[in-house]
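Reviewing the structure listed below.
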Amino acid sequence: MVAVQETIERVRRIDVDQYRYGFETLIESDKAPKGLSEDTVRFISAKKSEPAWMLQWRLEAYRRWLTMTEPTWARVDYPKIDFQDLYYYAAPKPKKTVTSLDEIDPEILKTYEKLGIPLREVAMLEGVEPKVGEEDPARRKIAVDAVFDSVSVATTFKAELKKAGVIFMPISEAIREHPELVQKHLGSVVPTSDNFYATLNSAVFSDGSFVYVPPGVRCPMELSTYFRINERNTGQFERTLIIADKGSYVSYLEGCTAPQRDENQLHAAVVELVALDDAEIKYSTVQNWYPGNSEGKGGIYNFVTKRGDCRGAHSKISWTQVETGSAITWKYPSCILRGDNSRGEFYSIAISNGFQQVDSGTKMIHLGKNTSSRIISKGIAAGRSQNTYRGLVTAHRKATGTRNFTACDSLLIGDKCGAHTVPYIEAKNSSATFEHEATTSKISENVLFYCIQRGLSQEEAVGLVVNGFVKQVLQKLPMEFAVEAQKLISISLDGSVG
Amino acid sequence: MALLEIRDLHVGVENRGIIRGVHLNVNAGELHAIMGPNGSGKSTLSHVIAGKPGYEITGGQVLFRGENLLRMEPNERAAKGVFLAFQYPVDIPGVTTTNFLRAALNAQRKARGQQEFSTPEFLKRVREVAGSLNIPQDMLKRGVNVGFSGGEKKRNEILQMALFEPSLCLLDEIDSGLDIDALRTVASGINALRSPERAMIVITHYRRLLDHIVPDIVHVMSRGRIRKSGGKELALELEACGYAQFEDAA
Ligand SMILES: Nc1ncnc2c1ncn2[C@@H]1O[C@H](COP(=O)(O)OP(=O)(O)OP(=O)(O)O)[C@@H](O)[C@H]1O
Ligand SMILES: [Mg+2]
């Protein structure tokens, strides 16, 4: 916990209503006409110069979507969304093919700098070949794909990744450059008909990241995508597809922020992961969309479908998420454990404060023999928020020798919030071993007083105790992001007590 | 001016008087012992000095170097040098002792406008102090008090006191649950910290502790009041005769 002190300072400097990422970037943008119709879908597809099969795929999804209704089973409550009152596509102008960072609007670069995402720096590193012995080993490289509203604006380290055979590019580019890979895998984990939001995403997704790691390759650096919603009344529908071929390994991180706005904004992403034999994918999320103000006004509706397919034997997919933002979170990163001996993991920290509503969890679908899964969920509810863990663990009839361990711990701060645990367990064969543990506790006055007597402020004490509570999950994040996540946790709980 | 001055303090919980008119003057350099039966209000008094919420101050004053202590936040009091070794130290899972100590120490230093310790400086200090209290290094890497034995928790309190160098130390039953060797270690830790600038208030049920750390003044507390004050002999007298003689009709 190197960052305790930093965390503390950060908390000190921030006041309750001050969402750090709440600035807006004033750039001209190129939008699709408001509302959703077949024409919108065609417009997006045309903007991306997509091949015909892609347009057909989208249109099928759109037609399907028209027949669907919004799910209502989650423990979240919000006014009806008018899907005709949204923009489905916004791209920063001038719209042209970007080949280097210099062609990117400096305003956008500035935005990413403010967010602490060093596109420029990283790119400079890329441009200059480091001399032998000169590179600072402490500075680990992270390749970044930055998505601004609907468009990917920059991907760094492309050349170095290419050398390793790793493809990391905006999905819009991959559709044109690697159609065979995309066509084969897109929708193979989350079918276009999967659920209301996933289907909507399939029709109108605008950009996102694509990763392919060839057989036997260990991706030489962390891959990372930063999403930023900037435009007003614009939905963000990104699509990510990661394929880890046989015996490969990749670690991927996504981060997200949005400006502070009074109206709610819709975010409906789809992430699909495919792990073939002996491959491993580690997917981490630090979600910090604008949560709304202290009265519950504004904030992002985060309706996301994330699923990984452990398609090959001995494959492994691990989800780690730190969810601190969004007015509403509806999100269940799941694993289909299809390959024999495959393994799925879900490590989650979900924090809700103010009027936030979180309904999140995971599904572990055991189909193959001797598959195992592990779920560690830490929910923290403060203010007037509601925080629900919803999980499903199933073992198929033929999935003998499967194992699951689930631990859900909830921590309540104050007495106006709620924490709920909704675990479903379903074993269709008798050899499955499922263990489930759940605890709910309140942050103790005695513990807080102990810390405060030692000199910490109330906020620092809460930050410390909560960081201790979530440590087991924080440790699963790549080092650089663990530090960031730790700060975020303290900041999002600021003003939660007293 | 006394370091700590308590004037006619009245404290209640849920409309029940627990401290009922305490007067106490503690000068820098002095060590006071407070003895008294269970439930007489000893811990409550130490909590109120340290600023624990949940008590109703119904009358009186607490001055620390002439300043109104009751108006300060507990962490401000800590930064000004008030330290409480708890009768029942809590555990904080997932937060290592080292990190906790560093966060706390630096928070105090910052509040006083002093430079914060760098990690190597801090580690050097904490290792030295831990060594002198027979606290093994691996204990520092564990969660604060998590799985610590009763005696280890008490030694951890003394470790913190030694590290923070407070000017007023409130030690609430620091001797409970200690074996003979641990008692000696803790007592020598306390003695090492006695100095002309520092005052200590030691709450205990046992004369045994006071054989190791010899008090200047012993107070007997019963039913929310200090009934008698005297020299160290008072502790012997108490042991011989019990508390009954100090009860009054009030
Ligand atoms: N938060 C509280 N709510 C209700 N009663 C309380 C509270 N705190 C203290 N009391 C009561 O106040 C009285 C004094 O308690 P205190 O803990 O100060 O006693 P003590 O002298 O430290 O006793 P011991 O020697 O057993 O530690 C007791 O009767 C106790 O039950
Ligand atoms: Mg007591």
Side-chain angles (χ1 to χ4, degrees), chain A residues 1-13 347 349 376 378 380 407 409-411 414 439 441-477 482-483 485-487 489-490 497-498, chain B residues 46-47 49-55 72-112 116-119 122 141 143-146 153 156-157 160-161 163-164 166 170 172:
Chain A
M1 300 231 310
V2 249
V4 173
Q5 199 48 46
E6 260 175 90
T7 303
I8 286 169
E9 274 159 41
R10 197 68 152 269
V11 174
R12 233 179 231 146
R13 284 198 297 266
Y347 298 101
I349 299 170
I376 308 285
K378 303 276 185 182
I380 297 129
D409 299 316
S410 309
L411 186 69
T439 66
S441 49
K442 271 194 81 162
I443 198 160
S444 137
E445 292 294 328
N446 284 338
V447 171
L448 287 182
F449 179 63
Y450 188 85
C451 297
I452 296 167
Q453 203 301 304
R454 298 311 188 227
L456 299 173
S457 68
Q458 176 100 340
E459 279 77 17
E460 290 162 353
V462 171
L464 196 81
V465 172
V466 170
N467 270 307
F469 176 73
V470 301
K471 187 176 190 182
Q472 201 187 354
V473 174
L474 273 186
Q475 284 169 334
K476 296 288 170 187
L477 283 176
V483 174
Q486 200 174 29
K487 291 178 198 162
I489 288 165
S490 298
V497 192
Chain B
S46 69
H47 288 156
I49 298 170
K52 185 172 178 174
Y55 298 100
M72 294 178 209
E73 292 299 321
N75 52 328
E76 261 180 278
R77 303 184 200 194
K80 289 202 185 276
V82 175
F83 177 85
L84 170 61
F86 287 78
Q87 181 172 1
Y88 305 108
V90 299
D91 48 303
I92 315 176
V95 180
T96 65
T97 305
T98 312
N99 272 314
F100 176 73
L101 295 179
R102 191 174 61 150
L105 181 60
N106 280 339
Q108 287 188 25
R109 292 183 67 85
K110 205 162 174 193
R112 292 193 290 259
E116 291 174 39
F117 282 122
S118 69
T119 306
F122 168 78
K141 291 183 198 136
V144 177
N145 292 327
V146 177
K153 286 184 187 174
N156 194 16
E157 296 293 287
Q160 298 180 51
M161 178 168 86
L163 204 61
F164 299 156
L170 309 164
D172 193 357

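For clarity, every value in this text was computed on a predicted model and none was experimentally measured. Note: hydrogens, waters and symmetry copies are ignored here, and every other heavy atom, side chains too, is used. Below, chain A is the first sequence line, B the second, and so on; all start at residue 1.
- Of the atoms belonging to B:P166, not a single heavy atom falls under 4.5 Å from chain A.
- The shortest non-hydrogen separation linking A:L456 to B:A107 is CD2-CB, 3.9 Å.
- For the pair B:I92/A:V465, a side-chain contact is recorded, criterion being any heavy-atom separation below 4.5 Å from C-beta on.
- Neither the backbone nor the side chain of B:Y88 comes within contact range of chain A; no heavy atom of the residue lies under 4.5 Å from a heavy atom of that chain.
- To the nearest 0.5 Å, atom OG of residue A:S457 and atom CD of residue B:E76 are 11.5 Å apart.
- In this structure, CZ in A:R454 is found 13.0 Å from CG in B:N75, a value given to the nearest 0.5 Å.
- Side-chain contact between A:N446 and B:K52 is present, with heavy atoms from C-beta onward closer than 4.5 Å.
- Using a 4.5 Å cut-off between heavy atoms, B:A50 touches chain A through backbone and side chain atoms alike.
- A donor-acceptor pair under 3.5 Å is formed between the side chain of A:Q453 and the backbone N or O of B:L84.
- Note: B:F100 and A:Y450 have parallel aromatic rings, judged against thresholds of 30 and 60 degrees for the angle between ring planes.
- Remark: B:K80 engages B:F64, B:E67, B:M72 in a side chain to side chain contact (heavy atoms under 4.5 Å, CB included) (not counting sequence neighbours).
- With sequence neighbours left out, B:Q108 forms a side chain to side chain contact (heavy atoms under 4.5 Å, CB included) with B:A78, B:R112, B:F164.
- One distance of note links CG of B:N99 with NZ of A:K471; it measures 7.0 Å at 0.5 Å rounding.
- Within the 4.5 Å cutoff, no side-chain heavy atoms of A:F469 are placed close to those of B:P93.
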